[in-house]
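What follows is a set of notes on a single structure, which appears directly below.
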Amino acid sequence: MEEENETFLPLQHLRLEDENKDHDQEDSSSSQDLRNEEDELNDEHEEENAKINLVKDIHEITGYKFHDQNILQQAFTHHSYKEGICPSFERLAFVGDAVLDLFFAKDHYSLYPDLDPGKLTRLRAANVDTEKLARVALKHHLHTFLRHDIFLLAAQIEEFEKAVKEYPVHSSGLIDAPKVLADIVESLVGAIYIDSDSSMDTTCKIVKNLLEPIISPASLPTQPVTLLYEICQREKLTLKMRDTWKETGEIEFLVVKEEQEELAVVNNVGRAKYSGKKVIAKNRAALNAYSQIIQMLNHQS
């Protein structure tokens with residue numbers, strides 16, 4: 001009998017070891033579950049604090065206090081941020097874009113009764129384009145509230161911040177404004193409109209202060225391409241544009257004499273390179289050409 005007991009003791013030990021291991025795993029799993037629950041609670045707490053602080057900050061900037069914290073948070077959430085956590089700002093930006101158009105159409109119609117529809121359209125466009133709205137976001141530091149995961153956005157904003165110092169009001173398409181900055185201004189306006197029970201009066205009061213300085217007919221900049229074509233028409237010069245933007249990122253303007261049978265190049269002026277956006281390369285080349293023509297005319301006189 002003693003021999004039998006000695007034979008079965010190791011098996012009993014093995015069973016005890018297995019049972020201990022099972023208990024350890026259960027304890028470990030329970031601890032992990034508790035930690036996960038604590039993390040979730042902490043995340044929820046941080047999220048609620050973030051919403052409360054955002055309401056306070058936006059109230060200080062705009063003078064408007066949001067009733068719905070969630071819609072304000074949505075206004076500053078890019079689709080790249082933790083997909084599925086919160087709706088992104090696109091739908092609110094759609095609403096804000098329409099509200100801004102209506103505000104400026106009504107405001108300019110009342111302020112400038114002598115302006116024709118074409119000039120009213122250009123004036124409104126200058127006040128709601130990407131660069132103007134991006135300047136508003138920068139001025140009020142709205143980009144600091146944006147929740148996103150956009151690669152190199154910080155560098156783009158820094159470059160834009162440096163560029164606007166050269167042009168106090170508007171560059172007329174010479175600098176590249178990060179579109180997301182304009183988007184969050186539109187989404188904020190859209191959120192205010194929705195949160196205020198679609199009150200245009202409330203929203204317009206906020207917009208008027210938020211978008212200062214508003215571009216007026218006196219400060220409305222002329223696009224460089226328009227300036228170039230106007231001076232060429234006045235001086236009877238013909239423009240030719242050489243477009244190698246797809247290959248080299250460059251746009252070039254050539255000025256030729258209009259009266260000759262075979263158009264001869266007067267001056268190879270107006271070259272600019274910007275691979276980011278073709279329209280910016282074109283505007284920069286046009287401004288360069290315009291400046292060269294002014295110098296040429298001054299020299300001739």
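Every pair passing ring pair (Phe, Tyr, Trp, His ring centres under 6.0 Å) that includes a residue from residues 46-67 is listed here, sequence neighbours excluded: Tyr64-Phe66. Each side-chain hydrogen bond (donor to acceptor under 3.5 Å, both in side chains) pair with one or both residues in residues 89-103, not counting sequence neighbours, appears once here: Ser88-Glu90. Pairs engaging residues 159-169 under the salt bridge (Lys or Arg N to Asp or Glu O under 4.0 Å) rule: Glu158-Lys162 [sequence neighbours left out]. Here ring pair (Phe, Tyr, Trp, His ring centres under 6.0 Å) pairs that include residues 104-131, with residues two or more places apart or in two chains, are Phe104-His108, His108-Tyr112. Evaluation of the side-chain hydrogen bond (donor to acceptor under 3.5 Å, both in side chains) test over residues 278-291, restricted to residues two or more places apart or in two chains, returns Asp243-Lys278. Residue pairs meeting the salt bridge (Lys or Arg N to Asp or Glu O under 4.0 Å) criterion with at least one partner in residues 170-182, sequence neighbours excluded, are Asp176-Lys277, Lys179-Asp183. For residues 136-156, the pairs satisfying salt bridge (Lys or Arg N to Asp or Glu O under 4.0 Å) are Glu47-Arg147, with sequence neighbours left out.
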Apply side chain to side chain contact (heavy atoms under 4.5 Å, CB included) to Thr77 and Leu146, showing your working. CA-CA 6 Å; Thr77 303; Leu146 180 63; over 6 Å; no
Is there a side chain to side chain contact (heavy atoms under 4.5 Å, CB included) between Leu100 and Leu133 once you walk through the steps? CA-CA 10 Å; Leu100 287 171; Leu133 296 183; 4.1 Å; yes
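Heavy-atom minimum distance, Pro178 versus Leu153: CB-CD1, 4.4 Å.
Between the side chain of Ser171 and the main chain of Tyr167, no donor-acceptor pair closer than 3.5 Å is present. Distance alone, capped at 3.5 Å, places no donor-acceptor pair between the Asp195 side chain and the Ala191 backbone. Here the side chain of Ser196 pairs a donor or acceptor atom with the backbone of Tyr193 at under 3.5 angstrom. Distance alone, capped at 3.5 Å, is enough to place a donor-acceptor pair between the His140 side chain and the Leu210 backbone.
Members clustered with Ile280: Tyr274, Val279, by chain and number, using a 4.5 Å side-chain heavy-atom cutoff among hydrophobic residues. Residue Leu152 is found in a hydrophobic cluster whose other members, listed by chain and number, are Phe151; membership requires side-chain heavy atoms under 4.5 Å apart, directly or through intermediates.
With respect to Arg271, the side chain to side chain donor-acceptor pair (under 3.5 Å) criterion is satisfied by exactly one of Gln292, Glu252, Glu250: Glu252.
Looking at Thr248 and Thr244, their side chains do bring a donor and an acceptor atom within 3.5 Å of each other.
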Show the atom names and distances, to 0.1 Å, of all donor-acceptor pairs under 3.5 Å that link a side chain in residues 116-130 to residues at least two apart or in another chain.
| residue | atom | partner | partner atom | Å |
| --- | --- | --- | --- | --- |
| Asp116 | OD1 | Gly118 | N | 2.9 |
| Asp116 | OD1 | Lys119 | N | 2.8 |
| Thr121 | OG1 | Pro117 | O | 2.8 |
| Asn127 | OD1 | Ile215 | N | 2.8 |
| Asn127 | ND2 | Leu123 | O | 3.0 |
| Asn127 | ND2 | Ile215 | O | 3.0 |
| Asp129 | OD1 | Glu131 | N | 3.4 |
| Asp129 | OD1 | Lys132 | N | 2.8 |
| Asp129 | OD1 | His170 | NE2 | 3.2 |
| Asp129 | OD2 | His170 | NE2 | 2.8 |

All N/O donor-acceptor pairs, side-chain side in residues 200-209, below 3.5 Å, sequence neighbours left out:
| residue | atom | partner | partner atom | Å |
| --- | --- | --- | --- | --- |
| Thr202 | OG1 | Ser199 | OG | 3.0 |
| Thr203 | OG1 | Ser199 | O | 2.7 |
| Asn209 | ND2 | Lys205 | O | 3.4 |

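To the nearest 0.5 angstrom, Ile231 atom CD1 is 3.5 Å from Ile294 atom CD1.
Applying the ring pair (Phe, Tyr, Trp, His ring centres under 6.0 Å) criterion to Phe145, with sequence neighbours excluded, gives Phe76.
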